[in-house]
Number of protein chains: 2
Amino acid sequence: MGKITVIGIGPGNLDDMTPRAHKAIVAADTVAGYNTYIKLVESLLNGKNIIGTGMMQEIDRCKMALNEAVKGHDVAVVSSGDAGVYGMAGLVLELLLQMPQADRPQMDIIPGISAVNAAAAVLGAPLMHDFAVISLSDLLTPWELIKKRAAFAAQGDFVIALYNPKSRKRVEHIEEIRKILLEYKSGQTPVGIVRGATRDNESVTISDLENFTKEDIDMFSLVIIGNSNTYVQDNTMITPRGYKL
Amino acid sequence: MGKITVIGIGPGNLDDMTPRAHKAIVAADTVAGYNTYIKLVESLLNGKNIIGTGMMQEIDRCKMALNEAVKGHDVAVVSSGDAGVYGMAGLVLELLLQMPQADRPQMDIIPGISAVNAAAAVLGAPLMHDFAVISLSDLLTPWELIKKRAAFAAQGDFVIALYNPKSRKRVEHIEEIRKILLEYKSGQTPVGIVRGATRDNESVTISDLENFTKEDIDMFSLVIIGNSNTYVQDNTMITPRGYKL
């Protein structure tokens, strides 16, 4: 029996991937993941079997990865950011637990720097107080539930981080969310938009809740909306922790 | 003029600290942080000046660190987990921005693996859906606001991660939060408690919302409370992303 390791590779730059993740990829003989993520760790993959497919075939890809582990391979499943946040850790684990206990390969999960933490570091310090993380993708979650969560997070005055804020097929969702948040938050609330944090194409925009949807936002963007104390100074976004300075 | 780098060193094990963080600590001539965190990176500190103090003097420690940078030193401020989540990134940035622009040293923030991501990886995959992060420490935040946030997070059916769940002086807060959550969540909701993730003394407990406060919880524990779909199987905690399997 082989083993399967689900690995958070961090935001994209190998300098932001942990030694634990690095070693696990190097040790594996088979690597599975979105082609985009495979490409980010390409320099480590010489001679390995690759199970890389397009965006919409996660279940098949994870099943193939598990099958390879059952056959005796050392399989790494790579996921950008942290594999445990909208990544592959859950899916692989769920599939593994459906197998009879005796047939299961060993499974490990290696955490990585999540997109929200990478984006926050680029913006300044917007996550210094309680925050909520919400994905706007309604592929697997009812849109009504997503809207409900946004409303409750706003009422709790959480800093709010939005994953998957917009795709080519979902251009109106972010606008609906903006309107919901405006019921509870000021239009002047700072909003940071980070795309490709730590990557060559990194871009950073600071706007506010009234105007941020006019900026370029796509499925690779991470949006962070401040709480009622968040402010912007000299192009950095800060949510005070509460120290009297 | 020197520079100051605020560094998230991750959950504690050097294998979970990024190369970017590692290099920045090695390059610095001065390192500031809680003694506990200084100790975690001790093997990298040979010959460096150390600004280490007790738990309650964050502001003075960060001011000293900034002063050293102004004097021309390369200063690393180390913070466990991600420096941008209840860590030192915000405080150093706020102090820096109070200085006249011409006097400010260069500042960088290097993200690290946050405690919540490290704890999740140990438990299984509890953060696979929208989640809220709340600190129960009321040193800098009114207790009423913390309770309000817990109530809204529960109504939004977020997975909820609690930082600083309990200290010697705050033993009843976690019990109050449990009661608030029980108004909106089932008593059978899975709860994971992780202490010292990735460290030698790592401990993991899985309980439920009805009973979890009977377990050992202290200020080094991270508590993750599931959403209405979270389940426990074979000692792992899973929040399904929503795939039909």
Side-chain angles (χ1 to χ4, degrees), chain A residues 8 10 13-20 58-59 82-86 89-91 93-95 97-98 101 109-114 117-118 120-121 124-135 140-141 145 148-149 151-153 155-158 233-234 236 238-243 245, chain B residues 8 10 13-20 58-59 82-86 89-91 93-95 97-98 101 109-114 117-118 120-121 124-135 140-141 145 148-149 151-153 155-158 233-234 236 238-243 245:
Chain A
N13 193 308
L14 289 187
D15 244 7
D16 298 293
M17 185 171 82
T18 67
R20 194 186 300 278
E58 293 108 335
I59 298 175
D82 181 26
V85 175
Y86 309 122
L91 180 53
L93 190 53
E94 285 192 85
L95 290 169
L97 291 172
Q98 289 184 347
Q101 202 144 11
I109 299 172
I110 297 179
I113 290 183
S114 194
N117 301 284
L127 294 184
M128 291 304 300
H129 220 294
D130 305 331
F131 63 97
V133 172
I134 302 174
S135 166
L140 300 169
T141 307
L145 176 59
K148 179 180 120 172
R149 284 189 176 145
F152 280 120
Q155 287 171 82
D157 195 24
F158 284 95
Q233 187 181 341
D234 297 338
T236 59
I238 300 157
T239 302
R241 180 86 177 87
Y243 293 103
L245 301 178
Chain B
N13 194 309
L14 289 187
D15 244 7
D16 298 292
M17 185 171 84
T18 67
R20 193 185 300 279
E58 293 107 336
I59 298 176
D82 180 28
V85 176
Y86 310 121
L91 179 53
L93 190 54
E94 286 193 85
L95 291 168
L97 290 172
Q98 289 184 347
Q101 204 144 10
I109 298 172
I110 298 179
I113 290 183
S114 194
N117 300 285
L127 294 184
M128 291 303 300
H129 221 292
D130 306 330
F131 64 95
V133 172
I134 303 173
S135 166
L140 300 169
T141 307
L145 176 59
K148 181 181 118 172
R149 284 189 176 146
F152 281 121
Q155 286 170 83
D157 196 25
F158 284 95
Q233 187 182 340
D234 296 339
T236 59
I238 300 157
T239 303
R241 181 85 176 86
Y243 293 104
L245 301 179

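What's counted below: heavy atoms across the whole structure, side chains too, no hydrogens, waters or symmetry copies. Each chain gets a letter, A, B and so on, in the order its sequence line appears, and its residues count up from 1.
Of the atoms belonging to A:Leu245, heavy atoms from both backbone and side chain fall under 4.5 Å from chain B. Looking at B:Leu97, both its backbone and its side chain come within 4.5 Å of chain A, counting heavy atoms on both sides. A:Ala89 touches chain B through backbone and side chain together, each having a heavy atom under 4.5 Å away. With a 4.5 Å cut-off on non-hydrogen atoms, B:Ala151 does not touch chain A at all. Neither the backbone nor the side chain of A:Pro126 comes within contact range of chain B, judged by heavy atoms closer than 4.5 Å. For B:Asp234, the part sitting under 4.5 Å from any heavy atom of chain A is the side chain, from C-beta outward, and nothing else. Proximity to chain A (any heavy atom under 4.5 Å) is restricted, for B:Asn13, to the side chain, taken from C-beta onward.
Nearest heavy atoms, B:Gly90 versus A:Ala125: CA-CB, 3.5 Å. Scanning both residues, A:Phe158 and B:Val133, for their nearest heavy atoms gives CE2-O, 4.1 Å.
A:Ile109 contributes atom CD1, which lies 8.0 Å from atom OG1 of B:Thr236 (distance to the nearest 0.5 angstrom). Taken to the nearest 0.5 Å, the CD1 atom of A:Ile238 stands 6.0 Å off from the CD atom of B:Glu94. How far CZ of B:Arg149 is from NE2 of A:His129: 5.5 Å, rounded to the nearest 0.5 Å. The CG atom of B:Leu93 sits 10.5 Å away from the OG1 atom of A:Thr239 when rounded to the nearest 0.5 Å.
At distances below 3.5 Å, at least one donor-acceptor pair connects side-chain atoms of B:Asp130 with backbone N or O atoms of A:Ser135.
Of all the listed residues (B:Gln101, B:Met128, B:Gln98, B:Met17), the one sharing the greatest number of non-hydrogen pairs under 4.5 Å with chain A is B:Met128. Between chain B and the residues A:Ala120, A:Gly8, A:Pro240, the most heavy-atom pairs under 4.5 angstrom are made by A:Pro240. The greatest number of non-hydrogen atom pairs below 4.5 Å with chain A, out of B:Leu95, B:Ile134, B:Leu14, is found for B:Ile134. In terms of non-hydrogen atom pairs under 4.5 Å with chain A, the most contact-rich of B:Gly10, B:Pro19, B:Gly84, B:Ala132 is B:Pro19. Note on B:Ala118, B:Gly124, B:Gly156: by heavy-atom pairs under 4.5 Å with chain A, the leading option is B:Gly156.
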### Task
List the steps, then state whether side-chain contact (heavy atoms from CB on, under 4.5 Å) holds for A:Phe152 with B:Asp157.
CA-CA 9 Å; A:Phe152 280 120; B:Asp157 196 25; over 6 Å; no

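Partners of A:Arg20 by side chain to side chain donor-acceptor pair (under 3.5 Å), not counting sequence neighbours, listed by chain and number: B:Asp16. Take A:Pro111 and apply the side chain to side chain contact (heavy atoms under 4.5 Å, CB included) test, not counting sequence neighbours, and it matches A:Asp82, B:Ile113, B:Ala121.
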